[in-house]
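Comments concern the structure below.
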There are 2 protein chains.
Amino acid sequence: MGNSLSLTEENYIKAIFQIGTTPESNVSTNALADSLQTKPATVSDMIKKLSHKKLIFYEKYKGVALSASGSKEALKIIRKHRLWEVFLVNHLNFKWDQVHEIAEQLEHIKSSELVNRLDDFLGNPTIDPHGDPIPDAKGRVQLGPSKLLSEMTSHEKGIIVGVKNEDPLLLQHLDKINIRLGLQIEVTEVNDFDQSMQVNLPDLGIIFLSEKITSQILIAKNS
Amino acid sequence: MGNSLSLTEENYIKAIFQIGTTPESNVSTNALADSLQTKPATVSDMIKKLSHKKLIFYEKYKGVALSASGSKEALKIIRKHRLWEVFLVNHLNFKWDQVHEIAEQLEHIKSSELVNRLDDFLGNPTIDPHGDPIPDAKGRVQLGPSKLLSEMTSHEKGIIVGVKNEDPLLLQHLDKINIRLGLQIEVTEVNDFDQSMQVNLPDLGIIFLSEKITSQILIAKNS
DNA sequence: ATTAATTTTTAGATTAATCTAAAAATTTAA
DNA sequence: TTAAATTTTTAGATTAATCTAAAAATTAAT
Ligand SMILES: [Mn+2]
Ligand SMILES: [Mn+2]
Ligand SMILES: [Mn+2]
Ligand SMILES: [Mn+2]
């Protein structure tokens with residue numbers, strides 16, 4: 001392995017990993033350009049380079065998918081990102097809406113010794129502050145099955161285990177209405193017209209949630 | 001301040017700070033090229049850029065010195081570097097010879113909130129694992145007066161407060177012969193021919209040190 | 001099945017950071 | 001105080017990452 005990825009290459013690999021639903025599903029040039037806030041022409045150039053390095057599979061006009069080594073790299077970056085987020089929240093008292101941007105920088109620090117010691121220092125956490133699973137040193141992830149709150153029906157119960165994205169405005173709003181990971185939640189009513197919901201939460205009682213919110217909250221698939 | 005320094009610019013600013021003995025003393029193009037492991041031609045280009053950004057004073061063929069804003073930036077980077085070193089040693093159990101390289105990366109993470117929270121988390125340390133002073137949030141350093149062990153004479157006593165450089169081989173050697181910060185040391189003999197010394201250390205007793213070593217060890221100037 | 005719209009790629013430039021080789025200025029030595 | 005040595009700067013290229021504009025391929029719509 002005479003390779004060390006540049007910061008840009010790492011960001012491409014991570015984006016391909018996160019956009020691709022399954023490891024095989026191809027990611028389009030435009031989707032990457034959107035995600036990386038760059039232009040399709042730039043992406044075209046870069047994917048040629050990554051393909052040449054055998055990190056992705058690429059056929060012209062057909063999009064890209066990560067190779068085995070590409071996936072391995074992606075998981076390493078994601079592991080670092082999420083471990084640093086745990087550090088920032090658990091030890092530096094950041095709020096969950098403040099850590100993503102800093103972790104975007106810290107995920108590029110190169111030292112496997114550092115990552116593994118950080119992992120131990122944190123107590124080998126399995127999820128990050130947003131409920132996302134943390135890959136272990138070998139890149140393995142243990143992801144419990146979950147569904148969106150918006151997919152639940154009246155009288156269903158479950159436990160909040162994650163949020164779908166890390167938009168600070170969403171996270172701050174959830175803070176404001178006292179929704180956090182680990183809470184038991186029960187759907188008391190679903191409004192057919194706009195998919196808004198009334199839910200019952202411990203202590204808080206019944207609150208109203210729009211579909212904008214319920215489609216961002218992950219609930220453990222019980223049993 | 002519409003400025004954010006690139007990683008490269010930060011490294012130049014830091015190098016100028018560390019090479020320049022006093023804030024006024026001019027740093028030569030070649031000295032910078034050596035320190036940054038690059039070529040003089042490259043340095044010439046970059047110092048023009050930094051001068052244009054008013055981070056340094058520069059006159060052709062006369063070398064460079066940091067401006068007030070340049071110094072401020074340098075101190076911010078050095079603060080981050082040393083705080084991260086403390087974290088790595090005190091919380092992740094790295095040895096003092098393993099942290100410099102990782103800190104070279106971490107010092108470029110941009111978030112003043114992060115640095116200040118890290119500072120608090122670490123208990124607002126005033127020195128790093130090598131005895132170097134840590135600038136506070138306002139860039140102030142409190143540096144106790146010190147001298148080199150090699151400058152001491154027979155029967156002088158003092159306390160080891162730092163090492164002059166962070167070469168892992170030096171640090172590992174000091175570990176091996178059980179020399180560390182905080183030890184009381186007494187010069188028992190100085191050999192005029194090669195400036196080698198015999199010193200007395202608590203528990204260890206009398207050991208022999210070459211000038212290569214004694215010129216790297218800092219002793220507090222007592223009172 | 002053509003045509004139109006969209007997506008993707010190529011062509012040609014630009015910027016930051018770097019290099020080598022050569023010219024210019026400064027410093028050191030004879 | 002000239003000449004030699006050293007240092008520093010300039011000139012001209014290169015590489016990575018980016019852009020705009022235009023061409024080519026694919027996909028969607030008549
Ligand atoms: Mn994140
Ligand atoms: Mn996260
Ligand atoms: Mn260091
Ligand atoms: Mn240090």
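Here is how names work: the chains are called A, B, and so on, in the same order as the sequence lines, proteins then strands, and each is numbered from 1. Worth saying up front: this structure is predicted, and the values here are computed from it rather than measured.
Which of C:dC19, D:dT8, D:dT20 sits closest to the side chain of B:Thr42 comes down to C:dC19. Checking C:dT9, D:dT8, D:dT18 against every side-chain atom of B:Ser28, the shortest atom distance belongs to D:dT8. Nearest nucleotide to the side chain of B:Asn30, out of C:dT7, C:dT18, D:dT8: D:dT8. The side chain of A:Pro40 sits closest to C:dT9 out of D:dT18, D:dT10, C:dT9. The side chain of A:Lys39 sits closest to D:dT20 out of D:dT7, D:dT10, D:dT20.
A:Val99 places a side-chain heavy atom less than 4.5 Å from the side chain of A:His130.
By the 6.0 Å contact criterion, CD on B:Glu101 is open, its count of non-hydrogen atoms from other residues, nucleotides or ligands being 12 or less.
An OP1 or OP2 oxygen of C:dT9 is reached within less than 4.0 angstrom by a side-chain nitrogen or oxygen of A:Thr29. When the side-chain nitrogen and oxygen atoms of A:Lys48 are compared with OP1 and OP2 of C:dT10, one or more of them lie within a distance under 4.0 Å. OP1 or OP2 of C:dC19 lies within a sub-4.0 Å distance of a side-chain N or O belonging to B:Thr38.
The pair B:Lys76-B:Glu73 meets the salt-bridge criterion, since a charged nitrogen lies less than 4.0 angstrom from a carboxylate oxygen.
The nearest whole Å value for the distance from the CD1 atom in A:Ile47 to the P atom in C:dT7 is 15 Å. The CE-C1' distance, from A:Met46 to D:dT15, rounds to 12 Å in whole Å. A:Tyr58 places its OH atom 12 Å from the C1' atom of C:dT7, with the value rounded to the nearest Å. Atom OH in A:Tyr61 sits about 19 Å away from atom P in C:dA5, given to the nearest Å.
Position along DNA chain D of the nearest nucleotide to A:Lys62 versus A:Ser6 favours A:Ser6 as the more 5'-ward residue.
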